[in-house]
Amino acid sequence: MYACPCGSQQSFSACCERFINAEQIPKTPEQLMRSRYSAFATQNEAYLRKTWYPSTRPDDLSLPTDQEQRWLRLVVHESQQQTNQGRVRFTAYSVQGKKAFILSEDSLFLREDGLWLYHSGTCQVEEYPISRNQACLCGSKLKFKRCCLA
Ligand SMILES: [Zn+2]
Ligand SMILES: [Zn+2]
């Protein structure tokens with residue numbers, strides 16, 4: 001079983017992949033947010049484009065390659081939903097080269113014609129202090145240096 005990148009403890013196919021493959025439509029802002037995180041983690045630019053509000057979507061969405069940036073972990077802190085508007089507050093950990101970063105974001109989602117779309121967010125990125133011997137952030141239980149920091 002390939003675990004879903006979003007950290008839900010479900011398999012990818014039972015979790016975010018069904019949205020990414022357009023088999024199902026996310027019913028909540030959090031489901032959309034998780035699936036977009038998984039799309040970032042698997043470099044699925046088409047899905048990110050499709051789920052981005054047209055007026056705020058960047059023209060150029062070139063994602064870093066898996067070699068340049070890897071997403072290790074997502075933690076959703078809070079999600080709220082009104083009829084056609086929602087917010088999700090989360091942090092996401094990534095590694096670039098020998099450094100780890102933590103992104104904290106408060107995202108706004110809007111629903112149009114029944115589809116949740118990412119509108120915008122306020123975010124902050126900070127370097128995350130790590131030691132090579134600590135448990136890897138991806139949850140593998142291996143040491144960082146033996147896992148995602150390699
Ligand atoms: Zn997922
Ligand atoms: Zn790891």
Ignoring hydrogens and angles, state whether a donor on the side chain of Glu78 or Gln80 is under 3.5 Å from an acceptor on the partner side chain.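 On atom types as modelled, these side chains qualify, holding a pair under 3.5 Å.
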
Establish, from distance only, whether the side-chain atoms of Thr65 and Gln67 form a donor-acceptor pair under 3.5 Å. no

Is any side-chain heavy atom of [Y] closer than 4.5 Å to one of [X]?
X: Glu68; Y: Gln96; answer: no
X: Pro29; Y: Ser79; answer: no
X: Leu63; Y: Leu48; answer: yes
X: Gln124; Y: Leu103; answer: no
X: Phe109; Y: Thr51; answer: no
X: His77; Y: Thr91; answer: yes
X: Glu105; Y: Thr122; answer: no
X: Cys16; Y: Pro5; answer: no

Is it true that the NZ or CZ of Arg36 lies under 6.0 Å from the centre of Trp116's six-membered ring and within 45 degrees of the ring axis?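 Cation-pi check for Arg36 and Trp116: fails.
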
Phe144 six-ring centre to Arg132 NZ/CZ under 6.0 Å and within 45° of normal: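 No, Arg132 does not sit over the ring of Phe144.
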
I'd like to know whether Ser104 forms a side-chain contact (heavy atoms from CB on, under 4.5 Å) with Cys123, so could you lay out the CA-CA distance, the side-chain angles of the two residues, the decisive distance to 0.1 Å, and finally the verdict. CA-CA 5 Å; Ser104 312; Cys123 73; over 6 Å; no

ILVMFWY network linking [X] to [Y], side-chain heavy atoms under 4.5 angstrom:
X: Leu137; Y: Leu149; value: yes
X: Phe90; Y: Tyr93; value: no
X: Leu72; Y: Leu74; value: no
X: Met33; Y: Leu110; value: no
X: Phe12; Y: Ile25; value: no

Spell out, as yes or no, whether a donor-acceptor pair under 3.5 Å connects the side chain of [X] to the backbone of [Y].
X: Arg146; Y: Leu142; value: no
X: Gln85; Y: Gln82; value: no
X: Gln31; Y: Lys27; value: yes
X: Arg111; Y: Leu117; value: no
X: Arg70; Y: Ser94; value: no
X: Arg34; Y: Gly7; value: no

Would Glu30 and Thr28 count as a side-chain hydrogen bond (donor to acceptor under 3.5 Å, both in side chains) here? Give the steps. CA-CA 5 Å; Glu30 183 174 332; Thr28 65; over 6 Å; no

With rounding to the nearest 0.5 Å, note down the distance linking [atom1] in [X] to [atom2] in [Y].
X: Ser107; Y: His119; atom1: OG; atom2: NE2; answer: 11.5 Å
X: Ile130; Y: Cys136; atom1: CD1; atom2: SG; answer: 8.5 Å
X: Glu45; Y: Lys50; atom1: CD; atom2: NZ; answer: 14.5 Å
X: Tyr47; Y: Ser38; atom1: OH; atom2: OG; answer: 9.0 Å

Check whether the ring centres of Tyr128 and Phe101 lie less than 6.0 Å apart, and answer yes or no. no

Of Tyr37, Tyr53, Phe40, Trp52, the residue whose pairing with Tyr118 passes ring-ring contact (aromatic ring centres under 6.0 Å, His included):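 Only one option passes, and that is Trp52.
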
So, for [X] and [Y], which heavy atoms are closest and what is the spacing to 0.1 Å?
X: Pro64; Y: Gln69; value: CG-OE1, 3.1 Å
X: Lys145; Y: Asn133; value: NZ-OD1, 2.8 Å
X: Arg49; Y: Asp59; value: NH2-O, 3.1 Å

Tell me whether the count of non-hydrogen atoms from other residues, nucleotides or ligands lying under 6.0 Å of CG in Leu115 goes above 12.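 Correct, the count exceeds 12.
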
For Glu23, is the CD atom crowded, meaning more than 12 foreign heavy atoms sit under 6.0 Å from it?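 Yes, the 6.0 Å shell around CD holds more than 12 heavy atoms from other groups.
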
Go through the steps for Asp60 and Ser62 under the test side-chain hydrogen bond (donor to acceptor under 3.5 Å, both in side chains), then give the verdict. CA-CA 6 Å; Asp60 178 21; Ser62 36; 3.2 Å; yes

Would you check, one step at a time, whether the test side-chain hydrogen bond (donor to acceptor under 3.5 Å, both in side chains) holds for Tyr2 with Ser11? CA-CA 5 Å; Tyr2 173 48; Ser11 69; over 6 Å; no

